[in-house]
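Working notes, structure below.
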2 protein chains.
Amino acid sequence: MNQILSNINIKVNENLYLKNPESSVLGKKILKEGIPLIDELGFDDFTFKKLAKVIKSTEASIYRYFENKHKFLLYLTSWYWAWMEYKLLFATTNIECPKDRLNRTIKLLTEEVIEDGNIPHINERLLSHILIAESSKAYSTKMVDDENNIGAFASYKQLVQRISDIVIEINPNYKYPHMLISTIIEGSHHQRFFSEHLPKLTDVLEGEDAITSFYTELTIQTISNNY
Amino acid sequence: MNQILSNINIKVNENLYLKNPESSVLGKKILKEGIPLIDELGFDDFTFKKLAKVIKSTEASIYRYFENKHKFLLYLTSWYWAWMEYKLLFATTNIECPKDRLNRTIKLLTEEVIEDGNIPHINERLLSHILIAESSKAYSTKMVDDENNIGAFASYKQLVQRISDIVIEINPNYKYPHMLISTIIEGSHHQRFFSEHLPKLTDVLEGEDAITSFYTELTIQTISNNY
DNA sequence: GCAAATATAATAGTATTACTATCGTTTTTG
DNA sequence: CAAAAACGATAGTAATACTATTATATTTGC
């Protein structure tokens, strides 16, 4: 086994791949070239055949790693949320005040992702573009219940739970912490997409990150009241 | 022309169809049976061939109404938002207080849709299910800019604008009215989907409409502050 | 260092999808 | 009632989303 000692190791649910793509050179190539190809073509026009051509391999070989292209998308989203949780832990550890922790969390969730180059075969910035443009396709399918059963959305749910816990720490009486957090996560993705393609659905302002400001203010005011 | 004198007439952008489906018996059949079929199969598994079989017509005939199945989805979403605006006008007309108007609007946007049977060939309840489960597929595509240019999202944008105006009436200093409204619309759809398929991402409570309550409270508190 | 196991490449093949094209028959309408 | 429009029937195509088979590398365990 060619286990590379990478700085971090993002764990993805085993049911989302047939063979762990992180465990071989070909697997890493699939990730490394697959992400920019989905970003370029869009998920609908992306095919394993096209990816095989790019990495000079074959369709059949990619199918040995992923059952189908939808599982590949689930793998990528699952990786992304696990990675986000890891970043979040780092950004909030040792911070006493829960309001500060929540503010930093919302900033991280809603701001633009830049690549940190820690993982050479995954471009986090392009991956976040995919999440912004296509993540709803991960669950917007008739298979959602089966996929949920095998743990396809576990890392997403875990992230939402972890942040909801901070909300409850700030206001134990707040009734809708999960709704609030999933609204922020999905919403910020939508707003970023809208600001590029359907600007009339947003309020893009120069010189500030309107999306982060909007969700930060909204959160503070929503949870700081007791009723 | 067999113009039926229906109570209301929802106008859909002409670029979304080749031939107006409201203008013929076959066209109305496409709508009448197409909506439940998409709801049943999901948009991905829905095909014109399958619909043709249900309505005892042919693929080619359906293609004379809609360029492709994506345009059909755009037609349906566009129809839905135009219908929603019409409902909204009725629900808020003659109401002086803008806060009351906004509350009624949010209720209408976020609560479950029941069929009113006004339009015999469109089941609004099933259509709202389609919107909840699949509406992101309408814009989550590489063609979004071209489709936006031909007016595919005009009714959605108009609805958001109209509600944003109420927000601004309440608080002229509020900076993010469009973000707020599109967050509520998209968010409430997501929450309704999550409550059925991924309940850990929401907070479903018995005996009340948590989704409406959540977005109503959130809105009031977010816009009633000046900063 | 070599045989056995495993991974990958090459190729072929299939059912389905998302259309387009043609043409004959109804139906509509001016 | 003739001309036009709409519809149905049928056929055909390129691409997609896979599966299957076999040959050739590559890895690994002894």
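A, B, ... follow the sequence lines: proteins, then strands. Residue 1 opens every chain.
- The interatomic distance linking Leu26(B) (CG) with dA6(D) (C1') rounds to 9 Å, in whole Å.
- A salt bridge links Lys137(A) with Asp44(A); the closest basic N to acidic carboxylate O contact falls under 4.0 Å.
- Among the heavy atoms of the strands lying under 4.0 Å from Lys50(A) are primed sugar atoms or P, OP1, OP2 only; no base atom is included.
- Per the geometry, NZ belonging to Lys56(B) stands 24 Å off P belonging to dA6(D), to the nearest Å.
- Geometric assessment of Lys69(A) against the ring of Phe46(A) yields a negative cation-pi assignment under the 6.0 Å and 45° thresholds.
- Mapping Asp45(B) and Ala60(A) onto DNA chain C by nearest heavy atom places Ala60(A) at the nucleotide closer to the 5' end.
- The residue among Phe48(A) and Arg64(A) whose nearest nucleotide of DNA chain D is located toward the 5' end is Phe48(A).
- Note on Thr47(B): only backbone sugar-phosphate atoms sit closer than 4.0 angstrom, heavy atoms only; bases stay farther off.
- Taking a cutoff of 4.0 Å between a charged side-chain nitrogen and a carboxylate oxygen, Asp45(B) and Lys50(B) do not qualify as a salt bridge.
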Could you list the protein-to-nucleotides 11-13 of chain D atom pairs, N/O on both sides, closer than 3.5 Å?
none

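- Using a 4.0 Å cut-off between a side-chain N of Lys or Arg and a carboxylate O of Asp or Glu, Asp209(B) and Arg192(B) qualify as a salt bridge.
- The residues Glu67(B) and Lys71(B) are annotated as salt-bridged, a charged nitrogen and a carboxylate oxygen being separated by less than 4.0 angstrom.
- Lys19(A) has a side-chain polar atom (N or O) that falls below the 4.0 Å cut-off from OP1 or OP2 of dT8(C).
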